[in-house]
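In this text the structure is predicted, and so the values were computed from the model without any measurement. Just the heavy atoms: all of them, side chains too, but no hydrogens, waters or symmetry mates, feed the values below.
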2 protein chains.
Amino acid sequence: MTTHAAGPRRLQILREASRLFAERGFHGVGVDEIGAAVGISGPALYRHFAGKDAMLTELLVGISSRLRDGGEQRVREAEEAGRSAAEALDALVRGHIDFALDDRALITLHDRELDRLPEAERKRVRRLQRQYVELWVGVARRAYGGLSEPAARAAVHAVFGLLNSTPRLSRPSALPSREETAALLRRMAHGALRAAAGE
Amino acid sequence: MTTHAAGPRRLQILREASRLFAERGFHGVGVDEIGAAVGISGPALYRHFAGKDAMLTELLVGISSRLRDGGEQRVREAEEAGRSAAEALDALVRGHIDFALDDRALITLHDRELDRLPEAERKRVRRLQRQYVELWVGVARRAYGGLSEPAARAAVHAVFGLLNSTPRLSRPSALPSREETAALLRRMAHGALRAAAGE
DNA sequence: CAGGCCGGTTAGCGAGCGTTAACCTGGCGG
DNA sequence: CCGCCAGGTTAACGCTCGCTAACCGGCCTG
């Protein structure tokens, strides 16, 4: 079969691989290094993954799915509770911030290494990403009046860039506490969206 | 000597190299490809550059210098004309937007491939980047009252993420016109900064 | 207690990479 | 007219990389 079974080793490998890929880029990390990071060496990885590409694929598909599924769930919950579109949008913002602050390496990979995937998998990831964007675009347009669809899409991309900026900071120690950072990003995201809609 | 002379060929190579590096990553592009992109093949590049690393170095040092120098000039001009800190900040925003929209490939490299530089050059580029950030931080804190220095730094990084988001769009054709995009980004940047300062 | 399989090991292969070497050519200055 | 040099060429080298092959020990099962 083409897929391997699950297991704690597998997860450990994925965690270390995501860290290394984020630090030095997909092509900049060798399989021996990934193996060494989990205490085994080199070709033993092939007992768990079909190859180096398969690791990146699994990481990117995983993160895109989690983003989209988490987003859809938050919006659904807000709607079922009868909350406003503005509140649903805030739920999306908070969810994305949690993700960006807790899984910095994955966020980095997510918008940096997509082009290193083989064609078929790349399409799959792009589809998930597009669905996530469209979810935001819909909610944002309902929350703010004067947003055309192209403008909303550009604005959403810009907000993603804003929210994903923290992983790029060289020393995270230079940041305020996690809660302060989250609050700051949340305020900025809403400020940016409000301004995009033209006050 | 270690440096090569200037020349149109050199610039042509740098332009194509930046495009290719941005598309597929530094490690994902071979020297033969870069050569082919300018109509010569492979090792002929070594008549113009000491090596592949030297091309990336020159690109990153160049862009970081242009950003910092351009920013300092704008702030200086604003101060000499007696304009407010808010206006100086707007000048920084506009300048950065022009850069992001006109040199998309370079902006991408700038925050994606820094780690592929040899240690010495990387320090040099980081120093330029830090100076640019500090320029923004100073102006932003003068323009808005309630911004602590760590918060201002995080906010500035976030705004960079926002402004640099457009190159990541798969098809730029999905964007509004250049002027509309610039205006949108400008509004969003100021909205985000205002919100960071706490209204 | 025998056997299979799970998850390791080391050795090695084949391709691709950046780089160097050796050679060539056309234009320009003395 | 001669020689030099700038700017190309192709061949080849050495290294690194992803991956496969061959082998092996421990544990669980029949």
Side-chain angles (χ1 to χ4, degrees), chain A residues 1-60 109 113 115-122, chain B residues 1-60 109 113 115-122:
Chain A
M1 63 177 159
T2 159
T3 333
H4 293 75
R9 235 318 133 69
R10 245 182 102 82
L11 297 176
Q12 188 192 10
I13 293 170
L14 285 175
R15 226 182 20 247
E16 295 302 312
S18 74
R19 188 179 53 81
L20 290 168
F21 289 161
E23 280 172 11
R24 299 210 287 285
F26 179 69
H27 290 301
V29 180
V31 291
D32 289 357
E33 274 176 288
I34 303 173
V38 299
I40 67 185
S41 238
L45 295 171
Y46 289 78
R47 300 286 166 198
H48 304 275
F49 294 92
K52 200 185 162 195
D53 283 4
M55 299 181 208
L56 185 63
T57 298
E58 195 157 323
L59 286 170
L60 292 186
L109 289 188
E113 306 288 343
D115 301 331
R116 281 72 183 167
L117 281 189
E119 174 73 9
E121 321 290 359
R122 186 169 54 229
Chain B
M1 62 175 161
T2 160
T3 332
H4 293 76
R9 235 316 134 69
R10 244 183 103 82
L11 298 177
Q12 187 192 11
I13 293 170
L14 285 175
R15 226 180 21 246
E16 295 302 311
S18 74
R19 187 179 53 81
L20 289 168
F21 289 160
E23 279 172 11
R24 299 210 287 286
F26 179 68
H27 290 302
V29 181
V31 291
D32 289 357
E33 273 175 290
I34 303 173
V38 300
I40 68 185
S41 238
L45 296 171
Y46 289 77
R47 301 286 167 198
H48 304 276
F49 294 93
K52 200 186 164 196
D53 284 3
M55 299 182 208
L56 184 63
T57 298
E58 195 157 323
L59 287 170
L60 292 186
L109 289 188
E113 305 288 345
D115 301 330
R116 281 72 181 167
L117 281 188
E119 173 72 9
E121 319 291 359
R122 185 169 53 227

Separation of D:dG8 P from B:Phe49 CZ (nearest whole Å): 12 Å
B:Tyr46 OH - D:dA11 P separation (whole Å): 18 Å
Atom-to-atom span, CZ of B:Arg9 to C1' of D:dT9 - whole angstrom: 13 Å
Range on DNA chain C touched by chain A, heavy atoms, distance below 4.0 Å: C:dG7 to C:dA11
Euclidean distance, atom CG of residue A:Asp32 to atom C1' of D:dT20 [Å, nearest integer]: 14 Å
Nearest non-hydrogen partners of B:Ala37 and B:Leu20, listed with the distance: CB-CD1, 4.2 Å
For atom CD1 of B:Ile13 and atom C1' of D:dG8, their distance in whole Å: 12 Å
Are there any protein N/O atoms within less than 3.5 Å of an N/O atom in nucleotides 26-28 of chain D, and if so, which ones and at what distance?
none

Touch class at under 4.0 angstrom, heavy-atom based, for B:Gly51 against every strand present: sugar-phosphate
Spacing of A:Asp53 atom CG relative to D:dC19 atom C1', expressed in whole Å: 12 Å
Single hit among B:Arg47, B:His48, B:Arg10 for side chain to side chain contact (heavy atoms under 4.5 Å, CB included) with B:His4: B:Arg10
Separation of atom NE2 in A:His4 from atom C1' in D:dC19, rounded to whole Å: 13 Å
Pairwise side-chain contact, B:Ile40 with B:Arg9, heavy-atom cut-off 4.5 Å (strictly under): yes
Shortest non-hydrogen separation from A:Gly25 to A:Glu113 and the atoms involved: CA-OE2, 3.4 Å
B:Arg47 vs D:dT9: side-chain N/O to OP1/OP2 distance below 4.0 Å: no
For the student: nearest non-hydrogen atoms of B:Asp53 and B:Pro118, plus distance: OD2-CD, 4.1 Å
Interatomic distance, A:Leu56 CG vs D:dG18 C1' [rounded to whole Å]: 15 Å
Any side-chain heavy-atom pair of A:Leu45 and A:Met55 under 4.5 Å: yes
Shortest non-hydrogen contact between B:Glu23 and A:Asp115, atoms and distance: O-OD2, 3.3 Å
Sugar-phosphate only, base, or nothing, as touched by A:Val38 at under 4.0 Å among non-hydrogen atoms: nothing
Contact check, side chains of B:Ile34 and B:Phe21, non-hydrogen atoms, under 4.5 Å: yes
Nearest non-hydrogen partners of A:Leu109 and A:Leu59, listed with the distance: CD1-CD1, 3.9 Å
